[in-house]
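Computed from a predicted model, the values in this text were never measured in an experiment. Heavy atoms only: backbone and side chains are in, while hydrogens, waters and symmetry mates are out.
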Amino acid sequence: MNKLGPIFCFPAQAAFHKVIAKSKIYQQGKVGKKLRDLFINQLDKITWLYVLAPETINLPAKHGIAEIAVIELQLKTPDLHEEVLRTLDQQVRIPILYQLRYGEQLKTTIAYKRPNEADSKQWLVEAYFSSDWQPANSATSELPVALDLASLYEQLLRAYLPEPAKVGEGLPQQVARIQQIRVQQRLCEQLETRLHKEPQFNRKVELNSQLRQHKEALAQLQTE
């Protein structure tokens with residue numbers, strides 16, 4: 001459910017350009033051998049490119065969002081496991097917009113991330129959303145017009161959501177609906193695979209019925 005998505009142009013005054021050593025991530029987080037291998041095999045370099053904050057882009061903090069990070073991940077492979085992103089998000093407790101770079105290709109990934117109401121020092125990561133890969137020299141887009149950092153973050157995130165918002169639908173509800181769509185799509189794919197392999201006619205009829213129900217549920221979720 002990816003889409004092309006914009007490549008945003010960030011203001012020069014927000015430039016940070018700090019390289020983050022992977023060893024520092026290992027030291028600060030609970031990184032086992034399997035996860036460490038993902039960092040080593042898939043990720044080449046981590047660079048914190050920009051800091052979007054009141055003092056850099058003149059937008060006030062709001063709803064617990066006082067800063068947005070733009071982090072570039074230079075990849076060794078075109079695939080990056082989500083646990084790598086989650087580890088970074090757990091250690092950088094602010095919203096992050098990732099620019100993934102592989103060769104001459106670029107894609108953007110961003111999580112729906114919010115402060116934990118039970119513990120303001122912790123952040124919850126609900127889901128990740130990505131653009132498609134595109135040439136790194138593609139035309140860039142200006143940042144959305146916003147009144148505060150919370151509004152800016154919401155607009156950045158919505159730029160990569162694969163389903164438009166329904167009338168009057170807030171961001172948490174939109175993300176939850178997209179998560180339900182993903183579940184229904186996976187179920188449909190699994191049922192179609194089982195249906196293709198099933199030799200018994202009666203069982204095929206049953207699987208077809210289940211598939212039809214999930215496709216109807218999916219259609220309802222996607223209806224504007």
Side-chain angles (χ1 to χ4, degrees), residues 2-21 24-25 28-29 43 45-75 80 82-101 106-117 119-132 134 136 138-162 165 170-176 178-179:
N2 294 351
K3 61 179 182 178
L4 192 59
I7 296 177
F8 285 111
C9 177
F10 299 97
Q13 65 268 25
F16 190 49
H17 292 280
K18 179 181 179 181
V19 175
I20 301 174
K24 187 175 181 180
I25 304 297
Q28 293 182 352
L43 185 55
K45 186 179 179 181
I46 307 169
T47 307
W48 194 324
L49 291 181
Y50 297 95
V51 175
L52 308 181
E55 59 271 20
T56 62
I57 61 172
N58 199 32
L59 289 180
K62 193 171 183 180
H63 299 318
I65 297 180
E67 191 175 310
I68 301 170
V70 180
I71 295 179
E72 180 183 270
L73 303 179
Q74 184 74 46
L75 305 185
L80 181 66
E82 189 175 289
E83 281 306 307
V84 173
L85 296 174
R86 286 190 176 273
T87 301
L88 292 171
D89 269 305
Q90 287 166 2
Q91 296 195 24
V92 182
R93 296 187 179 97
I94 56 175
I96 304 172
L97 185 146
Y98 295 101
Q99 290 189 337
L100 279 57
R101 188 178 293 271
L106 190 71
K107 73 183 293 187
T108 300
T109 295
I110 186 170
Y112 175 49
K113 188 175 180 180
R114 58 183 177 83
N116 188 337
E117 295 179 0
D119 184 357
S120 60
K121 295 182 180 180
Q122 300 296 323
W123 284 68
L124 300 176
V125 177
E126 301 285 346
Y128 284 93
F129 303 96
S130 298
S131 70
D132 294 323
Q134 52 192 300
S138 298
T140 55
S141 301
E142 295 295 325
L143 284 179
V145 176
L147 297 177
D148 53 63
L149 287 170
S151 174
L152 176 61
Y153 169 58
E154 179 172 330
Q155 292 185 72
L156 290 174
L157 179 59
R158 285 188 189 270
Y160 300 99
L161 296 184
L171 181 61
Q173 292 74 32
Q174 184 183 2
V175 171
I178 291 172
Q179 288 291 78

TODO: Might you point out which heavy atoms bring Pro54 and Ala66 nearest each other, and give the distance in Å?
DONE: CD-O, 3.3 Å
Task: Closest approach of Ala165 to Gln174 (non-hydrogen atoms, all atoms of both residues) - done: N-NE2, 3.3 Å
- [ ] Could you tell me whether the side chain of Ser138 and the main chain of Gln134 form a donor-acceptor pair under 3.5 Å?
- [x] no
Task: Which atom of Cys9 lies closest to which atom of Leu143, heavy atoms considered - done: O-CG, 3.7 Å
I'd like a table of donor-acceptor pairs (distance under 3.5 Å, sequence neighbours excluded) in which one partner is a side-chain atom from residues 144-152, with atom names and distances.
from, atom 1, to, atom 2, distance (Å)
Asp148, OD1, Ala150, N, 3.2
Asp148, OD1, Ser151, N, 2.7
Ser151, OG, Gln155, NE2, 3.3

TODO: Please determine if Asp89 and Lys113 form a salt bridge, counting it only when a charged side-chain N lies under 4.0 Å from a carboxylate O.
DONE: yes
Open item on the list: With heavy-atom distances below 4.5 Å as the criterion, would you say the side chains of Leu52 and Glu67 are in contact?
Closed with: no
Open item on the list: Using the side chain to side chain contact (heavy atoms under 4.5 Å, CB included) criterion, which residues pair with Thr108? Sequence neighbours excluded.
Closed with: Leu97, Ser131, Tyr160
Task: Exercise: identify the closest heavy-atom pair between Ala111 and Tyr153 - done: O-OH, 2.6 Å
TODO: Could you check if a side-chain atom of Ile71 sits within less than 4.5 angstrom of a side-chain atom of Ile46, using non-hydrogen atoms only?
DONE: yes
Open item on the list: Rounded to the nearest 0.5 Å, what separates atom CG in Leu156 from atom CZ in Phe8?
Closed with: 5.0 Å
Task: Any side-chain heavy-atom pair of Leu106 and Leu100 under 4.5 Å - done: no
TODO: Please examine the side chains of Ile178 and Pro162, heavy atoms only from C-beta on, and report whether any two atoms are closer than 4.5 Å.
DONE: yes
Task: Full working for side chain to side chain contact (heavy atoms under 4.5 Å, CB included) between Thr109 and Phe129 - done: CA-CA 6 Å; Thr109 295; Phe129 303 96; over 6 Å; no
TODO: Please check if the side chain of Tyr128 supplies one atom and the backbone of Leu85 the other of a donor-acceptor pair under 3.5 Å.
DONE: yes
- [ ] Check whether any side-chain heavy atom of Phe16 sits under 4.5 Å from a side-chain heavy atom of Thr47, and report yes or no.
- [x] no
TODO: Check for a donor-acceptor pair, side chain of Thr56 on one end and backbone N or O of Val51 on the other, with a separation under 3.5 Å.
DONE: yes
TODO: Starting from the C-alpha separation in whole Å, work towards a yes-or-no answer on side chain to side chain contact (heavy atoms under 4.5 Å, CB included) for Ile65 and Ile94.
DONE: CA-CA 7 Å; Ile65 297 180; Ile94 56 175; over 6 Å; no
Open item on the list: Side chains of Ile20 and Leu88, heavy atoms from C-beta outward: is any pair under 4.5 Å?
Closed with: no
TODO: Flag the pair Tyr50 / Phe10 as yes when their ring centroid distance falls below 6.0 Å, and as no otherwise.
DONE: yes
TODO: Would you indicate whether the side-chain heavy atoms of Arg101 and Glu72 approach each other to under 4.5 Å?
DONE: yes
TODO: Look at atom CD of Glu55 and say whether more than 12 heavy atoms of other residues, nucleotides or ligands are closer to it than 6.0 Å.
DONE: yes
- [ ] Would you confirm whether Gln99, through its side chain, and Leu49, through its main-chain N or O, come within 3.5 Å as a donor-acceptor pair?
- [x] no
Task: Heavy-atom check, side chain of Trp48 versus side chain of Val70, under 4.5 Å - done: no
Task: Residues that Arg86 engages under salt bridge (Lys or Arg N to Asp or Glu O under 4.0 Å), provided they are two or more places apart - done: Glu82
TODO: Measure the spacing between CG of Leu75 and NZ of Lys107 and express it to the nearest 0.5 Å.
DONE: 9.0 Å
